[in-house]
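Notes follow the structure.
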2 protein chains.
Amino acid sequence: MGKYTEADLRAVLKEISLLEENQALLGWDSLTGMPEDAAPFRAELLSYLAGKSFELQTGSEYADMLTYFEAHPTELSDLGQQLVIHERKKYDLNAKIPAKDFIEYQKITSLAQDAWTKAREAKDFAIFAPYLAQIIAYKKQFIGLWDQGSAATPYDVLLDQYEPGLTVAKLDQVFGEVKAGLSELQAQLALGEAPDNQILSRFVSKQNQSDFSMELAQKLGYSLKKGRLDDTIHPFMEAMNRNDARITTRWDEHDFQMAVLGILHEAGHGLFEQNISPEFDYTPFEKDLAMSIHESQSLFNEVMMGRSEDFWRNEYPRLQAYTGATFADIDFDTFYRAWMVTKPTLIRTEADPLTYPLHIIIRYEIEKAIFNDNVDVNDLPALWNAKYLEYLGIEPENDLVGILQDIHWAGGDFGYFPSYALGHLYAAQFFNKMEQDLDLPAIFASQDYTPIFNWRKEYIWQYGASKTPQAILEDATGESLNPQYWLALQTKIYRKVYGLN
Amino acid sequence: MGKYTEADLRAVLKEISLLEENQALLGWDSLTGMPEDAAPFRAELLSYLAGKSFELQTGSEYADMLTYFEAHPTELSDLGQQLVIHERKKYDLNAKIPAKDFIEYQKITSLAQDAWTKAREAKDFAIFAPYLAQIIAYKKQFIGLWDQGSAATPYDVLLDQYEPGLTVAKLDQVFGEVKAGLSELQAQLALGEAPDNQILSRFVSKQNQSDFSMELAQKLGYSLKKGRLDDTIHPFMEAMNRNDARITTRWDEHDFQMAVLGILHEAGHGLFEQNISPEFDYTPFEKDLAMSIHESQSLFNEVMMGRSEDFWRNEYPRLQAYTGATFADIDFDTFYRAWMVTKPTLIRTEADPLTYPLHIIIRYEIEKAIFNDNVDVNDLPALWNAKYLEYLGIEPENDLVGILQDIHWAGGDFGYFPSYALGHLYAAQFFNKMEQDLDLPAIFASQDYTPIFNWRKEYIWQYGASKTPQAILEDATGESLNPQYWLALQTKIYRKVYGLN
């Protein structure tokens, strides 16, 4: 009998999972229904629970257990061995940093978020710059501690933390193809006929939007026995466990597209969580889903379905039925072309699916410049603005609608942005394979999307975080990431919308 | 420097409080919005947290700390000393029972609750009786362990756990007066003219009920910055902390009285929680409120306000305004008389405020018979039915609407019922004193209830559980519990409603 058994390992993982489940509910409540005066009490409770969780995950007993099983892997099941590898990677992320530096870094990111807010109010990056410089300095120091010398460049170390196995070399190639393809497509669309999307601002009541969108989400498989919808300011999905994955939305009665696509998007995240295999209950494989693959599933709902002509041809009559006479005078082609207007924006979160990847490529190139080329922090706004002009043809009139628009860097989240674009590319690659495996036109015509649900569950959802995104992609599609599927699909769709076929 | 400091004590109390706050939110969520399939995961999480909480509160280190401070009280502030006395009482409640018996007892109450459900389905007390007999046997054993020989009768020990200082001798006297007074009043009302309450079943939309009731609750001081309203099946108030006290209700669009009085009731509980002094944050004095005094505040809202003619004379026009033409043909006197109909019921939770105490007196007398006179469990249904016939003039046609209607005994909660009746009596005694201190007719006419809010906060709410209910009552009214205030008020009200003035 060894020092530890697999049951010991599973007991610790269960306790960590239970605390995460608990914190997830508190987080959901804070952003949906919590009374406003309760905020200081909630902060106190979350801080207490975070402390408990941190103790468990960084304690010497847990380290001892991981070390023991690394030396005695055969005492574990296959799943147990996978879990130890996964946990070791997380453990080292914290443990390799001296406690003193970790605490100091936490403090600076907290101050940086205040400074970011103030800088936004003043529309002045200079207020935020000194904090950002400190965060970058710490990150560079941490990269040296994390890296065993295997990373090709410093920025590779950060990419790997959000998307295991992803490299600068691969992203340079992928994003290079996307940029070239989009540049070519945009030149074509400029010659086409831009649709009129005025009809999207017609009044649709919140109740009608909700009824229609939730029926749509449920047709794609989102279960209200394992979820619910609430109002919030910045929409999100929060999963406590596979039987409790809640979505949120906001409403604008003169812009119903926002809630319809938003609900589809969050329900896509919810679908993933609701369909993780029960064998991963109370393990990190139900919690630590890579953001790229998660986003590929929200975007599959929002873009592959929610922007598909075949999908809407069958669902549009339902929208008309839900909204009385509102769209009685609008035929399907007019509706669909309005639905699909593409136009460059300064703000990433307001971008349409065609221009969205360019926002990410800009951030990727700037992050690479920071960590691999040591560009000066004070030069970043000019770099940002130049890239927006070059890639999107528009230039921010101030930092608020430019470099200050995202909170990510204030929290030290470098290497995270590429996941958003990967989500788009993965979704299209999955969709392309699905077109070969399934009779999609027949499925769309039937409005019974069960075969699509089953495909996604079989190839993607069930695995949770037990497989890397790349492994899921390759096993599902027989190929590693290839951005040409996304480019080909968008080219076909938008050329038609812009009357170029 | 002693072995422990007051900060050590406060740290443990804070951790216990944080866990209770957390469990309260999980409980609230389970009964309001949790998706149905999440129940098994929620049970697992609650069980984990209950274990943590139990460890903290029954651990030898905590016992050692309490013992230390009992020997060194002067090392604590006044508040610290009060907290130790309070915590010792709670500690002994668990610690004096052998762990083996405690576990066995927990198991039996769990089985008893299943048996109670089955017995209800079969309308047959005999299915529940053997489990109830076992629970009673354990309780009798525990009474012997808890009691230091100071209690006058075994049932006194149980009363004291819910209402510190309450005795059989006192309750016999109080309930005796209530029975006699009610018997006299009911004989009078039988000679009066019973109002027609058909108008109460007129359609009032859920939205109108909600808008009207929540405005009423807020006029009485309930703050939506520190609370919210949700739908549920069995209404309750749940407080996480003084800035987060949430109320719930159910709706019947053909019985708006239910939600109006229900919301007033739960908002009364919420008012208490929202106005406990901040000095008791993260101590048991914000959590361990005695049920009688808590209920006195929900009943103050529901009965002292919500059944008051002066109150409704001014609020009824608002109800009319909220409900369009619904009550345009109903003058105030007709409305108020309908609102106040009293009629005996078999079910406690459906009783009106006049007959309610009789339901409690029946349960009190039966519990006393069980613990002090060792009446046989199998004789209880006959005893129950005989008392309903004697006190309320109606007899249950089966056990479901008789002795099986309450879950309390299945959970071992003996000695709890009297608190409900005490709540009615306390509320009336507070109201009587308020009539002397404040110009109530002017306050009702102004519809600005701030002076009432301030009175309740000053004399009751701020203290939380730091004073016993009796101490609060005596300090606020200058007198110990006197049921004549309740009898006099009800006599005056109902004689008028029944046309006897």
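A quick note: this is a predicted structure, and the numbers were derived from the prediction, not measured. Order of the sequence lines sets the chain letters (A, B, ...), proteins ahead of strands, with each chain counted from 1.
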Practice prompt. Grab the two heavy atoms, one from A/Arg246 and one from B/Met34, that are nearest each other, plus how far apart they are.
Written response: NH2-CA, 3.6 Å
Worksheet entry | Engaged part of A/Asp230 at the chain B interface, taking heavy atoms whose separation is under 4.5 Å | neither
Worksheet entry | A/Leu18 portion near chain B, given a 4.5 angstrom heavy-atom threshold |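 Contact with chain B involves both backbone and side-chain atoms of A/Leu18.
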Worksheet entry | A/Met240 and B/Phe41: CA distance, side-chain angles, deciding distance, side chain to side chain contact (heavy atoms under 4.5 Å, CB included) verdict | CA-CA 9 Å; A/Met240 275 49 84; B/Phe41 286 93; over 6 Å; no
Practice prompt. With rounding to the nearest 0.5 Å, note down the distance linking CG in B/Leu19 to CG in A/Leu45.
Written response: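 B/Leu19 CG to A/Leu45 CG: 8.5 Å, rounded to 0.5 Å.
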Discussion item. Closer than 3.5 angstrom, by distance alone: can the side chain of A/Asn243 be matched with the main-chain N or O of B/Asp37 as a donor-acceptor pair?
Written reply: yes
Residues [X] and [Y] bridged, charged N to O under 4.0 Å:
X       : Y        : value
B/Arg42 : A/Asp244 : yes
B/Glu44 : A/Lys14  : yes
B/Asp29 : A/Arg228 : no

Worksheet item: Counting heavy atoms not belonging to A/Glu61, are there more than 12 under 6.0 Å from its CD?
Response: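 No, not enclosed.
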Fill in: Minimum side-chain heavy-atom gap B/Asn22-A/Tyr48 below 4.5 Å
no
